[in-house]
Amino acid sequence: MPPSSPDGGRAAKRVDTRRSASQTSLSAPPTSLVARALGRLGGMLLVMWGATTAGFIALRAIPGDPVDVMLGVTASVGESVRQQIRVEWGLDEPPVVQYFTVLGRLVTGELDSYQLRQPVMTVIADQAMPTLQLTGLALVFALGLATVGILLARLPALRPMVSTFELALVSSPTFWIGLVLLAVFGYQLRWFPTAASAGLPALVLPALTLALPLTGIVSQVFRQGIGHAESQPFALTARARGISDVRLLSRHSLRHAAGETLTLSGYLVGSLLGGAVLVETVFARQGLGAVTVRAILGRDLPMVLALIALAAAVFAVINLLVDLLVARIDPRVRMAG
Amino acid sequence: MTLLQWRTRGESQRGRGRPGRGPRGWLPTPGVIAASLFLVVLMAAVLVPSLFSPLDPLRADASASLDAPSAEHWFGTDRAGRDVYARVVHGARASLGVGLGATALALVAGLIIGVVAGLAPKMIDAAVSRSIEVLMAFPEFLLALVVIAVVGPGETGLLVAVASAAMPAYARVARNQTLVVRNAGYVRAATVLGVPPWRSALRHIVPGTLGPLLVMAILGVGTAIVSAAGLSFLGLGPAPPSPEWGVILSEGRNTLSTAWWVAVFPGLAIMAAVVSIGTVGRHLKTGGAVA
Amino acid sequence: MPTTRAERSQSQLPQRAPRRRLGAAMALTAAAALLAGCAAAPAADDDTNTVTFGIEGANLGSGHMDIHSTQLDVSSLVLRNVFDSLVGQTADGQFVPWLAKSWEISDDQLQYTFTLRQDVTFHDGEPFNAEAVKANFDHIVDPETASAQAASLIGYAEEDGYYVGTEVLDEYTVRVDFSQPYAPFLQGLSLPQLGFYSPKALAEHKDDLKAGGPGVTVGTGPFVLSEYTPDQELRFTANDEYAWPAEGTEHQGRAASDELVIRVLPESASRVGALNSGEVDVIADVTPTMVQEVGDGFDVTAVELPGIPYSLYINEAHGVFADPLVRQAFRLGFDLDAAVEGVYDGQYARAWSVLAPTTPNSYEPAVEGTWSYDTDKANALLDQAGWTERDADGYRTKDGVRLGAVWTAWTPVPDDRAALADIIQSDLRDIGFQLARQVVEPAQYNELYATRAFDLTDWGFSSPDADVLRSHLRTGGFQTVSTVSKPEIDELLDQAVATSDPAERERLYQEVQRWNNEQVLIVPLVVPSEITVASTSVKGLTFDLYGRASFYGATVER
């Protein structure tokens, strides 16, 4: 798996010859692409397995009886019933047997959540849509606002203001932004519904909450990318040819910066999913974030393992896509091989 | 963390690319001065909170429940009638403590793991590197959430969770940096001259690695404060009634429509602290004015 | 608008190369699909009379849809619409016929014989008869059901239980047998937990009951569960066949509305917001502070809950609380009146006794006014108990040990209770008593609870029958915090559960309340009320003894 952070990637490229060999193979002829994809798939499965195993060990180490979790705090249930539940869920088996049972069921999709009493796959499938809507709209907001920020920052007078604003956004806790938006636009102005209902209006504040910290980040990186691009020789050449500023920005620099921003995607998706946990809590929304918090707090081992495997898969796929896209958008990567 | 760290590197490279920067760049901007001053005040609040608020952050007054900000209670009162200003001031210790402590812990652990991996045989290095990549595949906050589920909530759990989530990034940079230093001419020369590897590790590699890590760490403190506040907000932080910013914030979330002040002021405190740390950190790093 | 923003940001990218444009187009399509997906909210038919109800709903989706296994109030609130009971209970506590036309209790009080209505059918068309009653009661006591409340309501226990079994006498006559007199039985029967599933659902969907859903959660009630999205929404349609409400119900026949939608809105503020904006017609679980947020044009109904008030449970076998003087000083050491007034804005009453005043045939008014905030008296008691020294932090010590206790609670702690605890903690510091608080996750709490490894804990337990004291005070009771055996109180409680004469039961329970008041084992704090707020356009809403809204006769006038 390639590094998800551009930093490590860059450092690795400079230093580690083993690593840089694999990086440059991006630009190898398309015939090797299938082989590479297969290799990646193998790596992805390996990562999923590793993450799931680590998760199993970690959660087994937690004190607390899963049966208590299933029953809830005020349940008046005798010991023989508890034993019955343990047998039913295979919790009386030795840990190694449990591990293989859980892994097997995870692969075949038969694993049931302790808390929700449903197959974990069903839960994930049901809860994925609200989270996808939230993160999708948040991404749209973030990119849109970042573009506005970049355009504003091109005016020298506004640059310090934009920069300060970005810093404030990056530095604020997501959940606090959510609470402030809720207080102002939900309770005071009543522009948006405060209840976690379906529909677009209810999605605006949560998505905005999730988008704002990202906006700061995307706009910073984008701006730096543009600055970097425009200090390159090709920009000078282009300017010397008499190309207009707007044209330089739209035809060259942005494209250049887009490549840099794309490598950030892994990080962005991570922020979105991590942020979704808090945003879904603040706005009492449904979704994978809310499911994750509940699964972790409730010691819902099957659910947590499924979510870990899902996260590992999502990140592996995103990294793969980013590598491919960067190679297509940014000509330098293609030439570099 | 990942991003902040990336940003520093980006800037550091740019800085290196333009060595001709004049001394003018060292002059702090008003923003940096304000941020530094705020951090000084904050440290004073951590050390001697009573200097800023004579009121007791735990003193409840049932008759003063949810009073709006006034001359007597600058930031208003919470549901139990406690002074929010006093709680925010006294909360600085717990919040900054976790931020600094977790970052230090992450740095030390990351350094050890990274240097060992960088010096170890290929097999071990590959294993450690893959493990770090797996960890870095997860959003930092989720990682902290899983860790706190294992170690349990509370002040110590919070520290360990935030540190564990930040650690992989440090380990990765430490490892890469170790490879750079290891391949540097003087270290190779030392190896050829028969200096044992562990000795060059201590004499050259650790100091050579520490620099970039410390830079990461300055900005990492801010991220750690935000992560810790997030976990406290979910009810996984210090036990009540201890005044920690995330705890105060979460106490205010359900009175948002009637008493906005309980949630807003601790949030402002977090933002101000993190912005200040970021501003000062970037200034120290770039050796110049913040863009 | 988000879409235009997306277009603009995408169009900044160079447009010449076709493959890039494809990428941008795909991104746009994806965004559009997302937006379309969330805009497609179900639209209600104009002719349908729909009542929308917002509830807190925490944990309903966590396997608490099975009325026979759950112990949560929310399950009763929601599932009452689907499940009927053998007997009903009127507002003054009388039992009336419902699915049972009549019943007879044998002289030794060991046999209850019920004659059933003959016109009742389940939502899936199955007939309701004696076999159905037996199948349901058998299901409740089946260890596989892992019933957390229904089994104890019916009087079943693994050891020393009361319930023996259910016999089918003929198609519409059924007899329930007990090993010893069990007075709370009719009370239990009137609750949704002892409601009736279609035998077909019990047989075919046994493993799905906890998750619940249409075709699984099938009863005889006025509403049929038609759509279920866990933790989000439940949609019910009126049962057209329905003609069997409990005796004395004003509305008759089919439910007054066509559709009932229950929306899960976990945050109190969001429920009030949804009510104010007209998104929902009725909301439940309203907190006292939020009542003031409700605008004009709404009816507020507050019903004081019977049972055990929200209380502190002292573990007398642990730490400093072994000394009765310390327990008394503890109770006098905080200003409960001010705390309750401040935190609940006068909406909830301060509690005096271990039973709420609305608990039928049991309340002891004599304990009122017997204990109030008195630091002088508390200090004197602590001095008398030998806690005379003070350490640097101002806490009392004895032989170098600090006077203190740990209050253990489980997450999440609601704000009001946290604020109450903050005040109690702050007040106790003045008399030199250090009250530390430990908030742990439910799983860890259960571990601590199993061995009673704590000084103090808290909960409230609403119940319409004073017999709830038996599980809270009897030696070895499931909710008994103290591990010290007290034969005299066990005897009183056993006597009360076997007594069907209301006056005699009342006398016995009053004695228990006086005893607790002297011993200071359970410190009652607040009598909570169930607060429901409805739009004035909602007509025909009624409430049960627990203050739970009943939607059978409710409609919305638009």
Side-chain angles (χ1 to χ4, degrees), chain B residues 55-67 76-84 86-87 90 145-146 148-158 161 231-244 246-260 262-263, chain C residues 266-273 276 287-294 334-346 350 373 393-394 406-430 434-441 443-444 447:
Chain B
L55 293 175
D56 181 344
L58 301 183
R59 164 61 62 201
D61 178 1
S63 61
S65 178
L66 295 179
D67 284 356
T77 62
D78 67 7
R79 197 137 180 210
R82 293 171 302 186
D83 185 69
V84 175
R87 286 180 69 69
H90 286 259
L145 208 59
V146 173
I148 211 163
V150 176
V151 296
E155 227 151 324
T156 323
L158 200 61
L231 291 172
S232 291
F233 179 74
L234 293 177
L236 299 165
S242 109
E244 194 265 355
V247 171
I248 310 173
L249 230 167
S250 100
E251 284 166 352
R253 61 188 281 215
N254 280 328
T255 49
L256 211 55
S257 53
T258 38
W260 51 269
V262 186
Chain C
E267 300 287 328
S268 189
S270 18
R271 284 193 299 282
V272 172
N276 280 334
T287 59
T289 347
M290 289 315 295
V291 171
Q292 289 142 20
E293 290 299 298
V294 176
F334 54 90
D335 192 349
L336 184 59
D337 289 294
V340 172
E341 176 64 32
V343 171
Y344 295 102
D345 291 312
R350 171 248 157 99
Y373 187 43
D393 294 327
V406 179
W407 174 346
T408 304
W410 71 85
T411 53
V413 177
D415 296 351
D416 53 333
R417 294 181 180 182
L420 210 55
D422 290 335
I423 297 171
I424 292 173
Q425 191 177 31
S426 171
D427 283 349
L428 285 171
R429 202 165 51 152
D430 294 342
Q434 184 185 37
L435 181 63
R437 279 153 70 200
Q438 178 190 26
V439 180
V440 298
E441 288 166 55
Q444 205 187 339
E447 291 221 329

Verdict with reasoning, B:S232 to B:V247, per side chain to side chain contact (heavy atoms under 4.5 Å, CB included): CA-CA 5 Å; B:S232 291; B:V247 171; 4.0 Å; yes

Verdict with reasoning, B:D78 to B:I248, per side chain to side chain contact (heavy atoms under 4.5 Å, CB included): CA-CA 9 Å; B:D78 67 7; B:I248 310 173; over 6 Å; no

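Only the side chain of C:Q425 comes within contact range of chain B, judged by heavy atoms closer than 4.5 Å. Residue contact with chain B, scored on non-hydrogen atoms closer than 4.5 Å, is absent for C:A418.
For the set B:A62, B:A64, B:G154, the entry with the most heavy-atom pairs within less than 4.5 Å of chain C is B:A62. Of the listed residues (B:S250, B:S242, B:A60, B:S63), the greatest number of heavy-atom pairs within a distance under 4.5 Å of chain C belongs to B:A60.
Judged as a salt bridge (Lys or Arg N to Asp or Glu O under 4.0 Å), the pairs with a partner in residues 55-67 of chain B (not counting sequence neighbours) are, in order, B:D56-C:R429, B:R59-C:D430. Screening residues 411-423 of chain C for salt bridge (Lys or Arg N to Asp or Glu O under 4.0 Å) gives B:R82-C:D422, C:D422-C:R437 as the qualifying pairs, with residues at least two apart or on separate chains.
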